[in-house]
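The residues of the chain are indexed from 1 along the displayed sequence. The basis for the numbers below is simple: all heavy atoms, side chains too, and nothing from hydrogens, waters or symmetry mates.
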Amino acid sequence: MPVARMLQQVVGQMPGRPACGCWTSAPLARFLGTSPRQIPADANFYSSSFSGTDQPRVLITGGLGQLGVGLANFLRKRFGKDNVILSDIRKPPDHIFHGGPFIYSDILDYKNLREIVVNNRITWLFHYSALLSAIGEANVSLARAVNITGLHNVLDVAAEHNLRLFVPSTIGAFGPTSPRNPTPDICIQRPRTIYGVSKVHAELMGEYYHYRYGLDFRCLRYPGIISADSQPGGGTTDYAVQIFHDAVKNGKFECNLKSSTRLPMMYIDDCLRATLEVMEAPAESLSMRTYNVNAMSFTPEDLAQELLKHIPEFQITYNVDSVRQAIADSWPMNFDDSNARKDWGWKHDFDLPELVTTMLNFHGSDTRVAQAN
């Protein structure tokens, strides 16, 4: 199968590594409030709705990417280890496999996905399977299959089984004709990457399913997410993760974006907390289905200057990648997230100095700082 071969070529680079499977379109449902897929007359499954007195039963797709493992650990502390199931198509490392429930899940196999939801009485689904911006441009057909066809399966399963569904969006959902500083929740969106196009598609389809079928769809547009315990996953903002690895290891970093490229960013702890907060927010408090969230906005030069306060010998050079630079130049410089702060009380904890200190402490910069002194 062509998609399978393409997947094998890039699976080592993919942040949310779903696989290919057999997916057949089905006619849409006939009236408001029913699932968009035809349900067999003899179907006998547990319809699991979530009430405030119960713990949610959580499934995370694409769980071995940058955010999935961290989200699973975060939610397990809140809801209990056995109530949060991590899934992917790859074999997990031992510490992840033994850290809590893990199952194989192919988002392009609708039947497999539906069985997982039914058999595990899932009530919340976090859909993280996706190819990010730079990798998506290198393999458009695979990104289209994973990011769009996979989303359709997830939407259908969620609508059938009355799930609360979270699908992350991105700064990449905007384009060069969008207002960039700041970018509001609602404005023109004309992205020029398959990743961005697929995320606009997800936002609109989720909103449509909410109004057409009653699906409890919730979505956050993430800025660039910076985490200490994961490798860069092919995104345009991933320079802000790699720079810490290289600064601690080598004392220098070659950046593939211009020094003046300003983008919105967020530390992973804020990202995970925002995700849980919007999922727990009362439905009546949400004035929209997709929100911007933000914490800080900086350039590579800003980040380098903050690093120099901790590692005086640190050096940054620039070797601009034209593809990534063009992507970054079409994205927001800053997010307006006032609606999230007003509707459900969003507030970030980490700004740039706290971010740098936290990342360097994680990577053990004390040795290099001591040597420099």
Fill in: Side-chain donor/acceptor of D109 to backbone N/O of N112, under 3.5 Å
yes
Practice prompt. Please answer whether the main-chain N or O of L163 pairs with a side-chain N or O of T123 as donor and acceptor at a distance below 3.5 Å.
Written response: no
Worksheet item: Without hydrogens or angle criteria, can the side chains of R341 and H348 be said to hold a donor-acceptor pair below 3.5 Å?
Response: yes
Practice prompt. Spell out, as yes or no, whether a donor-acceptor pair under 3.5 Å connects the side chain of S259 to the backbone of E301.
Written response: no
Worksheet item: Is there a donor in the side chain of E203 and an acceptor in the side chain of S169, or the other way round, less than 3.5 Å apart?
Response: yes
Worksheet, complete the sentence: side chain to side chain donor-acceptor pair (under 3.5 Å) with N334: of N292, N294, T183, only one passes, and it is N294
Item to complete: Show your reasoning for whether side chain to side chain contact (heavy atoms under 4.5 Å, CB included) applies to I171 and T237.
Response: CA-CA 10 Å; I171 56 174; T237 59; 4.0 Å; yes
Fill in: Hphob cluster co-occupancy, I148 + I135, side-chain heavy atoms under 4.5 angstrom
no
Worksheet item: Under 3.5 Å, side chain of S297 to main-chain N/O of M333, donor-acceptor pair present?
Response: yes
Item to complete: Would you mind telling me which of F166, F217, F79 makes a ring pair (Phe, Tyr, Trp, His ring centres under 6.0 Å) with W124?
Response: F79
Practice prompt. Evaluate the salt bridge (Lys or Arg N to Asp or Glu O under 4.0 Å) criterion for residues D302 and R262: first the C-alpha distance (whole Å), next the side-chain angles of each, then the deciding distance (0.1 Å), finally the verdict.
Written response: CA-CA 9 Å; D302 293 335; R262 182 171 299 278; 3.2 Å; yes
Worksheet entry | Residues E207 and T290: side-chain donor-acceptor under 3.5 angstrom | no
Worksheet entry | Ring geometry between Y213 and Y208 (parallel below 30°, tilted from 30 to 60°, perpendicular above 60°) | perpendicular
Worksheet item: Can you tell me if D185 and N339 form a side-chain donor-acceptor pair at under 3.5 Å?
Response: yes
Worksheet item: Looking just at side-chain N and O atoms, do S227 and Y267 make a donor-acceptor pair shorter than 3.5 Å?
Response: no
Worksheet item: S322 and Q325: side chain to side chain contact (heavy atoms under 4.5 Å, CB included), yes or no, with the steps?
Response: CA-CA 5 Å; S322 59; Q325 186 64 49; 5.7 Å; no
Worksheet item: Just by modelled atom types, is the D82 backbone N or O under 3.5 Å from a matching donor or acceptor in the R57 side chain?
Response: yes
Item to complete: Scan T61, L67, T275, L86 and name whichever one has a side chain to side chain contact (heavy atoms under 4.5 Å, CB included) with F126.
Response: T275
Fill in: Neighbour count above 12 (heavy atom, 6.0 Å) for R76 CZ
yes
Worksheet item: Can you tell me if D343 and Y291 form a side-chain donor-acceptor pair at under 3.5 Å?
Response: yes
Practice prompt. Name the orientation class of the two ring planes belonging to Y239 and F298 (parallel below 30°, tilted from 30 to 60°, perpendicular beyond 60°).
Written response: perpendicular
Worksheet item: Quick one: salt bridge (charged side-chain N to carboxylate O under 4.0 Å, His left out) partners of R273, sequence neighbours excluded?
Response: D270, E277, D349
Fill in: Heavy-atom donor-acceptor pair, R218 side chain to M279 backbone, under 3.5 Å
yes
Practice prompt. Give a yes or no on this: more than 12 heavy atoms of other residues, nucleotides or ligands lie within 6.0 Å of atom CD1 of I186.
Written response: no
Worksheet item: Is there a chain of hydrophobic side chains (I, L, V, M, F, W, Y, each step under 4.5 Å between heavy atoms) that links I103 to L125?
Response: yes
Practice prompt. State whether the number of non-hydrogen atoms from other residues, nucleotides or ligands found under 6.0 Å of E254 atom CD is greater than 12.
Written response: yes
Practice prompt. Could you verify whether a donor N or O on one side chain and an acceptor N or O on the other, from T358 and N361, lie under 3.5 Å apart?
Written response: no
Discussion item. Would you say Q242 and D246 are linked by a side-chain donor-acceptor pair, where the criterion is simply a distance under 3.5 Å?
Written reply: yes
Item to complete: In sequence, state the C-alpha distance, the side-chain angles, and the governing distance for R289 and D216, and then conclude on salt bridge (Lys or Arg N to Asp or Glu O under 4.0 Å).
Response: CA-CA 9 Å; R289 291 289 118 187; D216 191 351; 3.3 Å; yes
Discussion item. So for atom OH, which belongs to Y318, do other residues, nucleotides or ligands contribute more than 12 heavy atoms lying within a distance under 6.0 Å?
Written reply: yes
Worksheet item: Counting only N and O atoms by type, is there a donor-acceptor contact under 3.5 Å from the side chain of D321 to the main-chain atoms of V323?
Response: yes
Discussion item. Does any part of the side chain of N139, heavy atoms only, come nearer than 4.5 Å to the side chain of I194, both counted from C-beta?
Written reply: no
